[in-house]
Amino acid sequence: MLGNIFAQLNIKAQCREYGIYLWQCPQFLFLLMGSVIVITIMVSYAIGTRYIADPETVILAVLSLAMILLIIAQIIVQSFERLAEANRLKSEFVSVVSHQLRTPISNLKWATELLMSGRLGSIEPPQTEYFQILKENLTRIGETVADLLIVSKIDTGRLPLKIEKVSVEKAIRDLISLFEPFSKASNVAIQFSCETNVPEILTDSMQVRVIMENLLDNAIRYSQEKGQIEMKLEKKGKNLHFTIRDNGIGIPQTDQKFIFQKFFRSSNVLRYQTRGSGLGLYITKAMVEKLGGRIGFMSQEGKGSTFWVQLPIRY
Ligand code: ADP
């Protein structure tokens with residue numbers, strides 16, 4: 001019982017559970033409105049006693065005011081409570097659905113690969129083509145489900161952090177090798193330069209990989225004919241500074257302020273390109289900030305984009 005009350009008073013934990021900002025948290029609003037009511041009662045009593053001779057009238061006026069404020073506060077807190085609960089249920093729903101979909105999707109992918117391998121009987125070229133389409137689409141669904149799972153963890157503050165010594169340079173080089181078939185197929189050339197004094201840092205290797213992967217994947221996907229990507233890693237003061245520049249389709253000026261929002265895709269991308277969920281940069285920004293860093297970009301439609309990430313150097 002007492003533990004429950006203390007848990008309710010832990011506003012930060014409650015915000016995290018509901019996946020909302022502090023000012024939207026019912027517990028915080030309850031404390032805020034309570035303080036406003038107490039201050040209003042005291043101030044109105046002080047003013048009332050100065051200007052109204054009859055003390056009973058003063059008390060009656062103050063009590064009426066307090067009553068009205070209490071009712072308003074109750075309505076506000078209750079509305080936010082319902083909103084917060086809906087938000088929590090939404091995150092939980094996304095998390096449960098993503099978890100439940102993961103296994104059947106991998107099973108489907110595995111079964112498709114088995115059929116394609118010909119071990120269960122030979123398949124003809126037209127069938128191979130359809131199996132290939134099936135496999136590609138399953139991969140996309142799998143990626144979206146994985147992204148949704150990460151988003152639900154971010155929104156409920158349950159994204160785990162595993163700190164270890166990480167070579168960001170190696171992570172980038174590994175990623176470039178991994179993306180080579182994709183970049184070659186897209187006719188995109190990738191260049192990477194790294195300063196010699198870049199140290200290994202204490203950070204989360206999985207999150208660093210996801211950050212770099214999302215930025216490189218975007219740079220390749222949003223490239224134009226004869227794409228050129230330049231990546232650079234350097235040490236700047238107390239930070240590692242990573243930039244990735246492409247000469248792709250760029251981001252329209254009017255869309256730039258929304259680019260890190262969940263599910264946002266800019267208007268030019270929607271015209272030409274269908275693949276994508278609009279979750280990559282939301283995840284990337286959340287992870288960069290969780291690692292104590294910063295992220296930003298500059299872009300010009302039709303000319304290209306440069307994204308930069310700054311990660312603190314911790315040994
Ligand atoms: P997705 O790429 O799956 O749509 P992201 O969250 O990674 O989602 O990116 C959000 C949007 O930002 C993209 O849809 C695209 O409009 C824009 N964007 C991101 N990176 C680039 C880039 N390098 N060049 C042009 N537009 C980009």
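Positions are given from 1, in the same order as the sequence printed here. In listed order, ligands and their atoms are each counted from 1.
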Would you mind telling me if ligand 1 is within reach of the side chain of [X], the backbone, both or neither, using heavy atoms under 4.0 Å?
{"X": "Phe264", "result": "backbone"}
{"X": "Leu215", "result": "neither"}
{"X": "Val269", "result": "side chain"}

Taking [Y] as the starting point, is it possible to reach [X] by hopping between hydrophobic residues whose side chains are less than 4.5 Å apart?
{"X": "Leu161", "Y": "Val168", "result": "yes"}
{"X": "Phe297", "Y": "Leu233", "result": "yes"}
{"X": "Tyr45", "Y": "Ile37", "result": "yes"}
{"X": "Met287", "Y": "Ile201", "result": "yes"}

Students should be able to answer this: which protein heavy-atom is nearest to [atom], and at what distance?
{"atom": "atom 23 (N) of ligand 1", "result": "Asp246 OD2, 3.0 Å"}
{"atom": "atom 16 (O) of ligand 1", "result": "Ser266 OG, 2.6 Å"}
{"atom": "atom 4 (O) of ligand 1", "result": "Arg265 NE, 2.5 Å"}
{"atom": "atom 3 (O) of ligand 1", "result": "Ser277 N, 2.8 Å"}
{"atom": "atom 22 (C) of ligand 1", "result": "Tyr222 CD1, 3.7 Å"}
{"atom": "atom 7 (O) of ligand 1", "result": "Asn218 ND2, 2.8 Å"}
{"atom": "atom 6 (O) of ligand 1", "result": "Leu281 N, 2.7 Å"}
{"atom": "atom 26 (N) of ligand 1", "result": "Ile251 CG1, 3.3 Å"}

Look only at interatomic distance and state if [X] has a nitrogen or oxygen under 3.5 Å from any nitrogen or oxygen of ligand 1.
{"X": "Ile249", "result": "no"}
{"X": "Ile259", "result": "no"}
{"X": "Asn268", "result": "no"}

Is it the case that more than 12 heavy atoms not belonging to [X] sit under 6.0 Å from its [atom1] atom?
{"X": "Tyr130", "atom1": "OH", "result": "no"}
{"X": "Phe179", "atom1": "CZ", "result": "yes"}
{"X": "Arg294", "atom1": "CZ", "result": "no"}

Sub-4.5 Å side-chain heavy-atom contact between [X] and [Y]:
{"X": "Leu202", "Y": "Lys165", "answer": "yes"}
{"X": "Val210", "Y": "Thr284", "answer": "no"}
{"X": "Phe192", "Y": "Ile176", "answer": "yes"}
{"X": "Leu63", "Y": "Ile41", "answer": "no"}

Check contact between Phe307 and ligand 1, using heavy atoms of the residue and a distance below 4.0 angstrom.
yes

Sub-4.0 Å atoms of ligand 1 with respect to non-hydrogen atoms of [X]:
{"X": "Ser305", "result": "22 (C), 24 (N), 25 (C)"}
{"X": "Arg221", "result": "1 (P), 2 (O), 3 (O)"}
{"X": "Leu279", "result": "6 (O), 8 (O)"}

Looking at Ser267, Gly250, Gly248, the heavy atom closest to atom 25 (C) of ligand 1 belongs to Gly250

Ignoring hydrogens and geometry beyond distance, is a side-chain donor-acceptor pair present between Ser91 and Asp155 at under 3.5 Å?
no

